[in-house]
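Note sheet for the following structure.
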Amino acid sequence: MRTQVGIVGAGPAGLLLSHLLARQGIDAVVLETRSRDYVEQRVRAGVLEHPTVELLREVGLADRLDREGLPHEGISLRFDGGDHRIDFADLTGRGIVVYGQQEVVKDLIAARLDAGGDILFEVSDVAVAGLDDDPLITFTDADGRAQELHCAVIAGCDGFHGITRGAFAPEMFERDYPFAWLGILAKAAPTHHELVYASHANGFALYSMRSPEVTRLYLQVPPDTDASTWSDGQVWDELGTRLAADGFHLNEGPVLEKSVTAMRSVVAEPMRHGRLFLAGDAAHIVPPTGAKGMNLAIADVRVLAEALTGYLRNGDESGIDAYSDTCLRRVWRAEHFSWWMTSMLHTFDTEDAFTRRLQLSQLRYTVSSRAAATSLAENYVGLPHGAL
Ligand code: FAS
Ligand code: PHB
């Protein structure tokens with residue numbers, strides 16, 4: 001098999017990259033280990049930042065997003081029993097849209113297949129070679145046949161646990177956190193129209209949503225928590241405690257999904273090795289407190305699609321030579337913001353009263369100073385692509 005760009009991974013990064021390249025007349029083949037059903041059902045991110053929504057609209061991928069997505073103009077920070085709204089519209093003139101990552105993935109897959117795009121699901125034994133001058137991806141296809149995909153360039157969009165980052169030895173910058181998030185998806189109508197980030201002595205909690213019928217909620221738990229050790233009743237009780245505030249009521253309902261997500265910050269530098277380009281979680285991970293993970297993946301592939309277009313159509317190597325440095329400026333901004341939100345809102349060592357007072361001071365300043373609130377707001381809604 002031959003194509004111009006071999007893309008490993010059919011998550012938001014790989015799928016959007018194949019769509020952006022097709023718009024420039026550049027061929028790509030996407031290889032995915034999981035089934036189509038699996039990737040379309042996998043519950044993950046929920047917040048699309050402003051530049052992500054604008055890009056999806058620009059490239060004709062936002063019809064259902066504009067019909068079913070939930071536009072939000074702010075979030076609330078809850079601490080000391082009080083609610084403090086950060087008004088994105090007032091502070092930045094922009095907002096976010098709540099629309100599940102799995103919906104974005106469904107829209108991307110449908111668009112690619114409708115356009116005759118190549119997405120090979122349920123492949124295995126994927127390996128990359130010839131990264132300096134003759135890129136090759138070998139794999140076993142869904143029918144068990146050994147395949148070779150010769151390409152001009154390989155895009156490693158295979159997430160944190162993929163194989164492409166391991167094909168070379170990038171320098172790794174990492175930070176683990178002493179906690180994880182237990183997340184539930186519940187068939188329970190949201191009772192509040194915006195997200196609530198709660199910093200409670202028992203630990204952090206996040207109130208989010210997916211639709212007028214489905215609520216998405218998270219609890220800070222110890223890092224090695226097994227989701228099955230939390231009964232639905234225990235989850236609802238702890239959410240009620242941590243999210244408690246005057247006039248706030250939490251609708252309970254059947255739990256549709258329950259899982260634990262590790263909290264870590266990771267960056268691999270550089271994001272390029274010869275003809276291999278990493279994008280999204282394959283290159284970096286952020287704790288989900290800043291709602292940046294999927295948005296960063298989308299920002300990476302916007303840069304990569306433009307760079308590969310210049311290279312493959314006109315032989316212009318300036319874009320691919322600048323790719324890693326260009327992406328890493330936004331990556332480190334998102335890493336810092338996600339670390340900052342995580343450090344401010346989560347309970348670390350409960351015996352460390354000094355840290356707790358620093359956190360409360362930071363929270364009070366953030367909600368009382370227009371300058372501090374604007375800093376949170378402009379990072380949360382997303383700095384314009386190319387701003388850094
Ligand atoms: P992805 O991981 O989405 O996609 C990589 C794809 O590559 C997957 O489909 C995988 O099956 C495939 N793959 C892996 N190895 C392969 C191989 N060898 N060959 C072929 N294919 C291979 N972000 C938020 O903003 N908010 C959240 O609440 C949030 N929750 C998360 C919960 C979990 C459990 C995880 C793991 C991540 C979460 N994230 C969240 C981050 C998440 O949204 C990522 O940032 C986003 O999926 C990144 O997209 P991709 O880079 O495309 O990687
Ligand atoms: C979600 O709705 O899944 C969500 C929202 C905000 C976050 C993380 C996850 O910071």
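Keep in mind that this is a model prediction, so the values were computed, not measured. Ligands are counted one by one from 1 in listed order, and the atoms in each one are counted from 1 as well. Scope of the values below: all heavy atoms of this structure, side chains included, with no hydrogens, waters or symmetry mates.
- Below 4.0 Å from some heavy atom of Arg34 lie the following atoms of ligand 1, by number and element: 11 (O).
- Here Gln102 contributes atom CD and Asp107 contributes atom CG; the two are 10.5 Å apart, rounded to the nearest 0.5 Å.
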Please walk me through it: do Glu49 and Lys292 pass salt bridge (Lys or Arg N to Asp or Glu O under 4.0 Å)? CA-CA 8 Å; Glu49 63 179 29; Lys292 289 297 160 208; 2.6 Å; yes
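- Side-chain atoms of Ser35 and Asp37 form no donor-acceptor pair, as typed in the model, at a separation below 3.5 Å.
- Within ligand 1, counting atoms from 1 as listed, the ones closer than 4.0 Å to a heavy atom of Cys157 are 5 (C), 6 (C), 7 (O).
- The protein heavy-atom contact nearest to atom 4 (O) of ligand 1 is Gly11 CA, 3.5 Å.
- At least one N/O-N/O distance between Ala13 and ligand 1 falls below 3.5 Å.
- Considering backbone and side-chain N/O of Arg42, one or more are found under 3.5 Å from N/O of ligand 1.
- Considering backbone and side-chain N/O atoms, Val8 never comes within less than 3.5 Å of an N/O atom of ligand 1.
- Below 4.0 Å from some heavy atom of Val126 lie the following atoms of ligand 1, by number and element: 19 (N).
- Using bins of under 30°, 30° to 60° and over 60° for the plane-to-plane angle, the ring pair Phe248/His192 lands in the perpendicular bin.
- Taking the six-membered ring where the residue is Trp, Trp181 and Phe204 present parallel rings, their angle staying beneath 30° rather than reaching 60°.
- Only the side chain of Ser208 comes within 4.0 Å of ligand 2, counting heavy atoms alone; its backbone N, CA, C and O stay farther away.
- Considering backbone and side-chain atoms alike, Pro12 places an N or O below 3.5 Å from some N or O of ligand 1.
- Residue Met294 has at least one nitrogen or oxygen atom sitting less than 3.5 Å from a nitrogen or oxygen atom of ligand 1, judged on distance alone.
- Atom numbering of ligand 1 starts at 1 in the shown order; those under 4.0 Å from a heavy atom of Lys292 are 25 (O).
- The closest approach between Arg210 and ligand 2 falls below 4.0 Å for a heavy atom of the residue.
- Nearest non-hydrogen protein atom to atom 1 (P) of ligand 1 is Arg44 NH1, 3.2 Å.
- The backbone N or O of Thr347 sits less than 3.5 Å from a side-chain atom of Gln220, completing a donor-acceptor pair.
- For the pair Tyr218 and ligand 1, the shortest N or O to N or O distance falls below 3.5 Å.
- Between the side chains of Arg302 and His385, at least one donor N or O sits under 3.5 Å from an acceptor N or O.
- In this structure, atom 39 (N) of ligand 1 has its sub-4.0 angstrom surroundings free of protein heavy atoms.
- Taking atom 23 (N) of ligand 1 as the reference point, the nearest protein heavy-atom neighbour is Ala45 CB, 3.5 Å.
- Between the side chains of Thr355 and Gln359, no donor-acceptor pair is found at a separation under 3.5 Å.
- Among all non-hydrogen protein atoms, the one lying nearest atom 25 (O) of ligand 1 is Gly293 N, 3.3 Å.
- For Glu269 and Arg329, the salt-bridge test fails: no basic side-chain N is under 4.0 Å from an acidic carboxylate O.
- The shortest contact between atom 10 (C) of ligand 1 and any protein heavy atom is with Glu32 OE2, 3.6 Å.
- In terms of protein heavy-atom proximity, atom 41 (C) of ligand 1 is nearest to Asp281 OD2, 4.0 Å.
- If you check which protein heavy atom lies closest to atom 47 (O) of ligand 1, you get Gln101 NE2, 2.9 Å.
- Checked against the 6.0 Å centroid threshold, His50 and Phe88 do not count as a close aromatic pair.
- Within the 4.5 Å cutoff, the side chain of Lys258 has heavy atoms near those of the Asp232 side chain.
- Neither side chain, Thr52 nor Glu54, offers a donor N or O lying under 3.5 Å from an acceptor on the other.
- Ranking the protein heavy atoms by distance from atom 16 (C) of ligand 1 puts Asp158 CB, 3.7 Å first.
- Near Leu31, meaning under 4.0 Å from one of its heavy atoms, ligand 1 places the atoms 20 (C), 21 (N).
- Those atoms of ligand 2 that come under 4.0 Å of a heavy atom in Tyr197, given as number and element, are 6 (C), 7 (C), 10 (O).
- Checked by atom type and distance alone, the side chain of Asn379 pairs as donor or acceptor with a backbone atom of Ser375 at under 3.5 Å.
- By the 3.5 Å distance cut-off applied to N or O atoms, Trp181 is not counted among the residues near ligand 1.
- With Thr92 as reference, Val381 is the one residue of Ile86, Asp87, Val381 to meet the side chain to side chain contact (heavy atoms under 4.5 Å, CB included) rule.
- Of all the heavy atoms of Trp181, the ones lying under 4.0 Å from any atom of ligand 2 belong exclusively to the side chain.
- Checking side-chain atoms of Arg165 against main-chain N and O of Phe160 turns up a donor-acceptor pair under 3.5 Å.
- A donor atom on one side chain and an acceptor atom on the other are found under 3.5 Å apart for Arg356 and Ser199.
- Of the polar atoms of Leu195, none of the N or O atoms is found under 3.5 Å from an N or O of ligand 2, judged by distance alone.
- Listed by atom number, the atoms of ligand 1 under 4.0 Å from Ile163 heavy atoms are 18 (N).
- Atoms of ligand 1 found under 4.0 Å from any heavy atom of Gly159 (numbered from 1 in listed order, with element): 2 (O), 5 (C), 53 (O).
- Tyr207 and Ser76 are not linked by any side-chain donor-acceptor pair at a separation below 3.5 angstrom, with hydrogens and angles left out of the test.
- Applying the 4.0 Å criterion to heavy atoms of Gly162 picks out, from ligand 1, the atoms 15 (N).
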